[in-house]
Student: 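Dumping the structure here so I can ask a few things about it.
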Amino acid sequence: MITIVDYDAGNIKSVEKALQYIGAQCVITRDTDLISGADKVIVPGVGAFEQAMDNMKQYQLIDVLREVAKRGTPILGICLGLQLFFERSEESEHNVSGLGLLPGEIIRFPDKDGYKIPHMGWNSLHIQPSSRLLKGVPENAFVYFVHSYYLKAENPQHVAATANYITDIHAAVEHENVFATQFHPEKSGDVGLQILKNFVAL
């Protein structure tokens, strides 16, 4: 069973629908026992970094997600979920820490003439051939993004894919059992479904 973590962030139901479409058993929950015992865990979401971490603290999800990752259970962060997996974000006015599953920080896009923030739409990926999460996804495949902040991972070896919008961004990461995408696989057509199938098959 795959647990989709409910911490009052947006866009959770669309992840459930995409998983159901590919035949995966899943449940949306904030029950820490269900999350702890899951075969795989997904942390999706759209929203603000600091509010999301406050919600996770309120629902007592922080420790269980760290334990799940430490234990080796496959865990996937999507969009805001990716950002929460890292140590800190410029979006947090009070320097609230993230989950710290991987080293790195979340940075606001710089302003640039001709570019809108948030970055919203389809962009192509430059993919590391060794990526397990992106196995079978062709180079320069297009995926769907919605974000105003981007990841700067501390360890380049954790970067599974990059994209370019105003600057080079780390669009997907993976390290051992921890996976994350800044883009939305559940909104990225057949490419996104392939990525979700890869995660389910881990």
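These numbers come from the heavy atoms of this one structure, side chains and all, not from hydrogens, waters or symmetry mates. What you are looking at is a predicted structure, and each value in this text was computed from that prediction instead of being measured.
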Student: Does the pair Arg88/Glu105 count as a salt bridge with the N-to-O cut at 4.0 Å?
Tutor: yes
Student: Establish whether Val173 and Val41 are linked, either directly or via other cluster members, by ILVMFWY side-chain heavy-atom contacts under 4.5 Å.
Tutor: yes
Student: For the residue pair Phe49 and Ser92, what are the closest heavy atoms and their distance?
Tutor: CD2-CB, 4.1 Å
Student: Any chance you could measure Gln182, atom CD, to Leu125, atom CG, to the nearest 0.5 Å?
Tutor: 11.5 Å
Student: Give, for atom OG1 of Thr3 and atom CG of Asp33, the distance between the pair rounded to the nearest 0.5 Å.
Tutor: 11.5 Å
Student: Is the side chain of Gln194 donor-acceptor paired with the backbone N or O of Val137 at a distance under 3.5 Å, no angle test?
Tutor: no
Student: Do the non-hydrogen side-chain atoms of His126 and Asp168 ever get within less than 4.5 Å of each other?
Tutor: no
Student: Within the side chain of Asp39, is there an N or O that forms a donor-acceptor pair under 3.5 Å with the backbone of Met1?
Tutor: yes
Student: Heavy-atom distance under 4.5 Å between the side chains of Arg132 and Phe179, does that happen here?
Tutor: yes
Student: Please report the interatomic distance CD1(Ile42) to CD(Glu186), rounded to the nearest 0.5 Å.
Tutor: 9.0 Å
Student: How about Gln25 and Ile2: do any of their side-chain heavy atoms sit closer than 4.5 Å?
Tutor: no
Student: Does Asn11 use its side chain to pair, donor to acceptor, with the backbone of Val46 at less than 3.5 Å?
Tutor: no
Student: Given side chain to side chain contact (heavy atoms under 4.5 Å, CB included), test Phe199 with Thr181 step by step and report yes or no.
Tutor: CA-CA 12 Å; Phe199 180 71; Thr181 64; over 6 Å; no
Student: Is any side-chain heavy atom of Leu76 closer than 4.5 Å to a side-chain heavy atom of Leu196?
Tutor: yes
Student: Is there a side chain to side chain contact (heavy atoms under 4.5 Å, CB included) between Gln83 and Glu91 once you walk through the steps?
Tutor: CA-CA 10 Å; Gln83 298 183 5; Glu91 187 179 15; 4.3 Å; yes
Student: Any idea how Tyr115 and Tyr165 line up, ring-wise: parallel (<30°), tilted (30 to 60°), or perpendicular (>60°)?
Tutor: perpendicular
Student: Quick check: closest heavy atoms across Phe85 and Ala180, and the distance to 0.1 Å?
Tutor: CD2-CB, 4.0 Å
Student: Would one find more than 12 heavy atoms of other residues, nucleotides or ligands at under 6.0 Å from atom CD of Glu139?
Tutor: yes
Student: When you look at His184 and Val143, which way does the side chain to side chain contact (heavy atoms under 4.5 Å, CB included) test go after all the steps?
Tutor: CA-CA 7 Å; His184 290 271; Val143 291; over 6 Å; no
Student: Can a donor-acceptor pair be found between the side chains of Tyr59 and Asp8 at a distance below 3.5 Å?
Tutor: yes
Student: Would you say the side-chain atoms of Asp6 pair up with the backbone N or O of Ile28, donor to acceptor, closer than 3.5 Å?
Tutor: no
Student: Ignoring hydrogens, what is the shortest heavy-atom contact between Ala171 and Leu82? Give both atom names and the distance.
Tutor: O-CD1, 4.4 Å
Student: Indicate yes or no for a side-chain donor-acceptor contact from Asn177 to the backbone of Ile75 under 3.5 Å, with no hydrogens or angles considered.
Tutor: no
Student: Just checking, any donor-acceptor pair under 3.5 angstrom between side chains of Asn55 and Gln51?
Tutor: yes
Student: Can any side-chain N or O of Arg30 pair as donor or acceptor with the backbone N or O of Gln60 at less than 3.5 Å?
Tutor: no
Student: If you measure from CG on Leu84 to SG on Cys79, what distance do you get to the nearest 0.5 Å?
Tutor: 9.5 Å
Student: Does Leu134 reach the side chain of Gln128, with side-chain heavy atoms less than 4.5 Å apart?
Tutor: no
Student: Which residue, Phe145, Tyr150, Phe183, Tyr144, forms the ring pair (Phe, Tyr, Trp, His ring centres under 6.0 Å) with His119?
Tutor: Phe145
Student: Let me check something: do Leu133 and Val15 share a hydrophobic cluster, defined by ILVMFWY side-chain heavy atoms less than 4.5 Å apart, either directly or through other members?
Tutor: yes
Student: Just so I know, are the side chains of Val96 and Lys57 near enough to count as touching, which here means a heavy-atom distance under 4.5 Å?
Tutor: no
Student: Which heavy atom of Ser36 sits nearest a heavy atom of Val68, and at what distance?
Tutor: CA-CG2, 4.1 Å
Student: I need the Ile169 CD1 to Asn123 CG distance, nearest 0.5 Å.
Tutor: 6.5 Å
Student: Has the side chain of Tyr7 got a donor or acceptor atom that lies under 3.5 Å from a matching backbone atom of Pro44?
Tutor: yes
Student: What are the two closest heavy atoms between Ala24 and Val200, and how far apart are they?
Tutor: CB-CG2, 4.0 Å
Student: How far apart are the C-alpha atoms of Met56 and Val43, what are their side-chain angles, what is the distance that settles it, and do they pass the side chain to side chain contact (heavy atoms under 4.5 Å, CB included) test?
Tutor: CA-CA 11 Å; Met56 285 198 170; Val43 183; 3.8 Å; yes
Student: When you measure from the side chain of Ser188 to the backbone of Val191, do you find a donor-acceptor pair of N or O atoms at a distance under 3.5 Å?
Tutor: no
Student: Using a strict threshold of under 4.0 Å (side-chain N to carboxylate O), is an ion pair present between Glu16 and Lys13?
Tutor: yes
Student: Going only through I, L, V, M, F, W and Y residues with side-chain contacts under 4.5 Å, is there a path from Ile106 to Ile166?
Tutor: no
Student: Between atom OG of Ser97 and atom CD of Glu50, what is the distance when rounded to the nearest 0.5 Å?
Tutor: 10.5 Å
Student: Could you tell me which non-hydrogen atom of Thr32 sits nearest to which non-hydrogen atom of Leu61, and how far apart they are?
Tutor: CG2-CD2, 4.3 Å
Student: Please check: side-chain N/O of Arg66 versus main-chain N/O of Leu99, any donor-acceptor pairing under 3.5 Å?
Tutor: yes
